[in-house]
2 protein chains.
Amino acid sequence: MANRILNDYISVDCVIFGYNDNELQVLLVERTLSNESTKEIEFTDLTLTGNHIYEDETIEDAAYRVLFDRTGLDNVYLEQFKAFAHPDRLKKDKDRKWLIHDGRDPDKRIISIGFFSLISTRDIIVESKCGIAKWIPLSEIGELAFDHNQIVDEALKALRNKIKHEPIGFELLPEKFTLTELQNVYEVVLGTELDKRNFRKKIGRMKYLIPLDEKQKGVAHKPARLYMFSRDVYEKTKKEMFDFTV
Amino acid sequence: MANRILNDYISVDCVIFGYNDNELQVLLVERTLSNESTKEIEFTDLTLTGNHIYEDETIEDAAYRVLFDRTGLDNVYLEQFKAFAHPDRLKKDKDRKWLIHDGRDPDKRIISIGFFSLISTRDIIVESKCGIAKWIPLSEIGELAFDHNQIVDEALKALRNKIKHEPIGFELLPEKFTLTELQNVYEVVLGTELDKRNFRKKIGRMKYLIPLDEKQKGVAHKPARLYMFSRDVYEKTKKEMFDFTV
DNA sequence: ACACTTAGTGTAGTTTTTACACATATGAAC
DNA sequence: GTTCATATGTGTAAAAACTACACTAAGTGT
C-alpha cells in the first residue's frame, strides 16, 4: 500500500435535474478533448457542471456558485448527497492519452462532492459563463466523462428517495401548476404509474398544496385548476410528510 | 474573494454509534493539546475518529480502515452521510494558539467526509491502535474539537432518517435479542416512546425478523423470546420496508 | 352541433394505525 | 414453598389510509 496522503483537488459536481416534455433531464456541459501530439480536437464529451471550492467558502456555497454561474439562477433546490473519489477515476482519459482542456492535471485524483439540484425548466437559463450547457433527457445520456455516469445514477437514487418523503416535486414545476403536471413529475421521477384519483386524494390532504382561483388557459379541453406550493405551510406542518413508500 | 483553489487535506471522520444501558453512545478519542510556548500539556479534548484517505483506496475503504484500526471490528454497518468543510473550522484552535499533536498543519482546512457506523456494544472492542477511545453517551457529549459537534448532529439526523425506513436497528444489538431490546433501540434513536403492542404488531409483519426457539436466561421475570435478523430475507423482500414515519 | 381531449369526482373492500389492560413466567426474598 | 417483584406477551374496536375502478364535465377545434 502506498500510504501517501491524498492531498488533491476537490470539486463540487452538480447533477441539475429539470423536468420537461414529461421527461427528467440533466444539464450537461461539453468538454473538448484533443490529441496530445497533433493538438487537434479529437471530439467533445459531456460532463456534469462542477467547480473547485474556494478557501473562504463552505461546500454548499461552492455548489450554489456553480449553479449560479451555469444557470443564472438563485434560490434553487440543492442538496448534497455523496462524495466520490475513485482511484481509477481518470484512468479512462490517461489511457487514451488525451489532453483535457480545463486546466486540471490529469494525473491527479479529484474528490468530487456531489449535489443534486432541481429546477423548473420553464425558468429560462439566462447565462452560462463557461461552455455550452445542454438539457439531455435521462434516457438518452450516453457515456459521460470521468465517473459522472455513476454520480448521475447515485443522484437519481437520492432524488427518488427524497421525493418519497418530502415535497420536492414542486421544485421541478413553475410556480403555478396543475395536479396532472404534479402527478407526472412523481411518475417520471419514480418511474411508476400512479392512480389519478388516489394521487389526488393523497396530496389533497397536504396543507401546503394551495388551490388557486385560476385555471389553465388555451388548452383544447377542460382547463385544469392551478395550484401553488406553500413553503411556509410546509415548514409549519413538517410532521405530515409526503410518503410515497411503495 | 480569494479565489485560490482549495487543495487541502481530506479525511474521513466516523461517528461510531453504540447502544448500551438504554442509551445511544458515541466512540470518541482523546486529543492532547499543549501550550505553544511552554510545550506543556494544556488539556485533553475529544474528537471523532478519523483519518486520511490514501491514494489507492476509495473513500469507503478509508472509512472501513479507520473503523477497523479503532475497534478491531470488520463487517460493520457504515454509511457515508455528508461532507464538511467550514472555512472557520480550525479558528477555535488557532485563536487559542494551541499546538495540535496529531501531525496536521493547523493552518490548513480539512475537508472531512462524514460516515456513521452502528456497532453492537457487546462486540468488545479489542484493539485501538491510536489513542484512547471512550464510549460517551450522546446526552453527555460536551464541546468537541473542530466542527465535530456539528458532524455528530448531522450523523444523528441521518441515522434517524435511515432507521425510519430501513431495518438497521439490529446493527446496534447482539446477534440474538429480545423484542423489548429492539423497541428500546428505536425509542432511543428516535427519541420517542412507542406502544409495545403496536410495535410488535408492526415488526411482526417483517419477514426478516426471525423468532428463535430460545429464551432469555437468568432474568428475574418472565424470560423473553429471542429473535434474529436475517439479512438474506431482507435483501429478498426489500419492498416491505420498515417505516416508522411519525 | 359535434368530436375530441383532459379534468375532476366517489365508493366499497381491505389494510394499517391507534389507543388501551390484564394474565403469565421467572428469580429473589422470606 | 409461598409470596413478591418485574418484565413478557397478547386482542379488540374505532379511525384512517390504501387500493382498484368508470363516468360526467368543460373547454377547443372543425
Side-chain angles (χ1 to χ4, degrees), chain A residues 19 21-22 163-165 167 169 173-174 176-188 190 192-228 237 239-246, chain B residues 19-23 163-165 167 173-174 176-188 190 192-207 209-228 237 239-246:
Chain A
Y19 167 80
D21 297 326
N22 274 5
I163 207 175
K164 280 183 197 166
H165 307 296
L173 291 171
K176 299 171 184 181
F177 51 85
T178 69
L179 292 185
T180 304
E181 284 167 338
L182 185 59
Q183 183 178 340
N184 269 319
V185 167
Y186 279 88
E187 289 179 335
V188 163
L190 294 174
T192 20
E193 296 216 328
L194 301 171
D195 179 86
K196 192 176 18 165
R197 280 181 282 193
N198 294 340
F199 179 84
R200 282 160 188 247
K201 219 182 296 173
K202 193 162 187 177
I203 54 170
R205 267 180 246 130
M206 307 299 157
K207 302 203 180 96
Y208 48 71
L209 181 69
I210 314 290
L212 302 174
D213 288 328
E214 218 175 317
K215 294 192 172 179
Q216 236 179 352
K217 273 193 156 183
V219 285
H221 53 79
K222 177 170 174 179
R225 181 168 207 173
L226 295 176
Y227 289 78
M228 271 186 59
T237 59
K239 311 295 174 194
E240 21 167 345
M241 287 199 300
F242 210 35
D243 214 315
F244 262 99
T245 307
V246 204
Chain B
Y19 167 80
N20 221 357
D21 297 327
N22 273 6
E23 265 186 324
I163 207 174
K164 280 184 196 164
H165 307 296
L173 291 171
K176 299 171 184 182
F177 50 85
T178 69
L179 292 186
T180 304
E181 284 168 337
L182 185 59
Q183 182 179 340
N184 270 320
V185 167
Y186 279 88
E187 289 180 333
V188 163
L190 294 174
T192 21
E193 296 216 328
L194 302 171
D195 179 86
K196 197 186 0 173
R197 279 181 283 193
N198 294 340
F199 178 84
R200 284 160 187 250
K201 219 182 297 173
K202 194 162 187 176
I203 55 168
R205 268 181 244 128
M206 308 299 158
K207 301 203 181 97
L209 182 69
I210 314 290
L212 302 174
D213 287 328
E214 220 176 316
K215 294 192 173 179
Q216 235 179 355
K217 275 193 155 184
V219 285
H221 53 78
K222 177 169 175 180
R225 181 168 207 172
L226 295 177
Y227 289 78
M228 271 186 59
T237 59
K239 311 296 172 192
E240 23 166 342
M241 287 200 299
F242 211 34
D243 214 317
F244 263 98
T245 309
V246 204

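In the text below, chain A, chain B and the rest are named by the order of the sequence lines, each starting its count at 1.
- For the pair A/L194 CG and D/dA17 C1', the computed distance is 16 Å after rounding to whole Å.
- As a whole-Å value, the separation of B/L226 CG from C/dA25 P is 18 Å.
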Please list, pair by pair, any protein nitrogen or oxygen found under 3.5 Å from a nitrogen or oxygen in nucleotides 20-22 of chain D.
from, atom 1, to, atom 2, distance (Å)
D/dA20, N7, A/N198, ND2, 3.2
D/dA20, N6, A/N198, OD1, 3.4
D/dA20, N6, A/K201, NZ, 3.4
D/dC21, N3, A/R197, NH2, 3.3
D/dC21, N4, A/D195, OD2, 3.4
D/dC21, N4, A/R197, NE, 3.3
D/dA22, N1, A/R197, NH1, 3.3

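- Distances were taken from every side-chain heavy atom of B/K222 (C-beta onward) to each of D/dA25, D/dT8, C/dA28; the shortest belongs to D/dT8.
- Put simply, CG on B/N184 and CG on B/D21 are 11.5 Å apart, with the number rounded to the nearest 0.5 Å.
- Rounded to an integer number of Å, the gap from B/F199 CZ to C/dA19 P is 16 Å.
- OP1 or OP2 of D/dG9 sits under 4.0 Å from a side-chain N or O of B/R200.
- In this structure, of D/dT8, C/dA7, D/dC18, it is C/dA7 that holds the atom nearest to the side chain of A/T180.
- In this structure, CE of A/M206 is placed 9 Å from P of D/dA17, rounded to the nearest angstrom.
- In this entry the distance linking CD of A/Q183 with C1' of C/dG8 reads 12 Å, nearest Å.
- For the pair B/H221 NE2 and D/dA7 P, the interatomic distance rounds to 6 Å; values are reported in whole Å.
- Taking 4.0 angstrom as the limit, A/R225 places none of its side-chain polar atoms (N or O) nearer than this to OP1 or OP2 of D/dA26.
- Between the side chain of A/Q216 and the backbone N or O of A/P223, no donor-acceptor pair lies under 3.5 Å.
- Which of D/dG27, C/dG8, D/dT8 sits closest to the side chain of A/P223 comes down to D/dG27.
- A distance of 4.5 Å separates CZ of A/R200 from CG of A/L179, quoted to the nearest 0.5 Å.
- The side-chain contact (heavy atoms from CB on, under 4.5 Å) search around B/R197 returns B/D195, not counting sequence neighbours.
- Note: A/H165 NE2 to B/H165 NE2 = 3.5 Å, rounded to the nearest 0.5 Å.
- Evaluated for a side-chain contact (heavy atoms from CB on, under 4.5 Å) with B/L226, the options B/K176, B/K217, B/K215 yield exactly one hit, B/K176.
- B/L182 CG to B/F199 CZ: the interatomic distance, rounded to the nearest 0.5 Å, is 4.0 Å.
- Within residues 210-219 of chain B, the residues that place at least one heavy atom under 4.0 Å from DNA chain C are, in residue-number order, B/V219.
- Note that the CG atom of A/D213 and the CZ atom of A/R225 stand 5.5 Å from one another [nearest 0.5 Å].
- One finds the CD atom of A/Q183 at 8.0 Å from the CD1 atom of A/I203 (value rounded to the nearest 0.5 Å).
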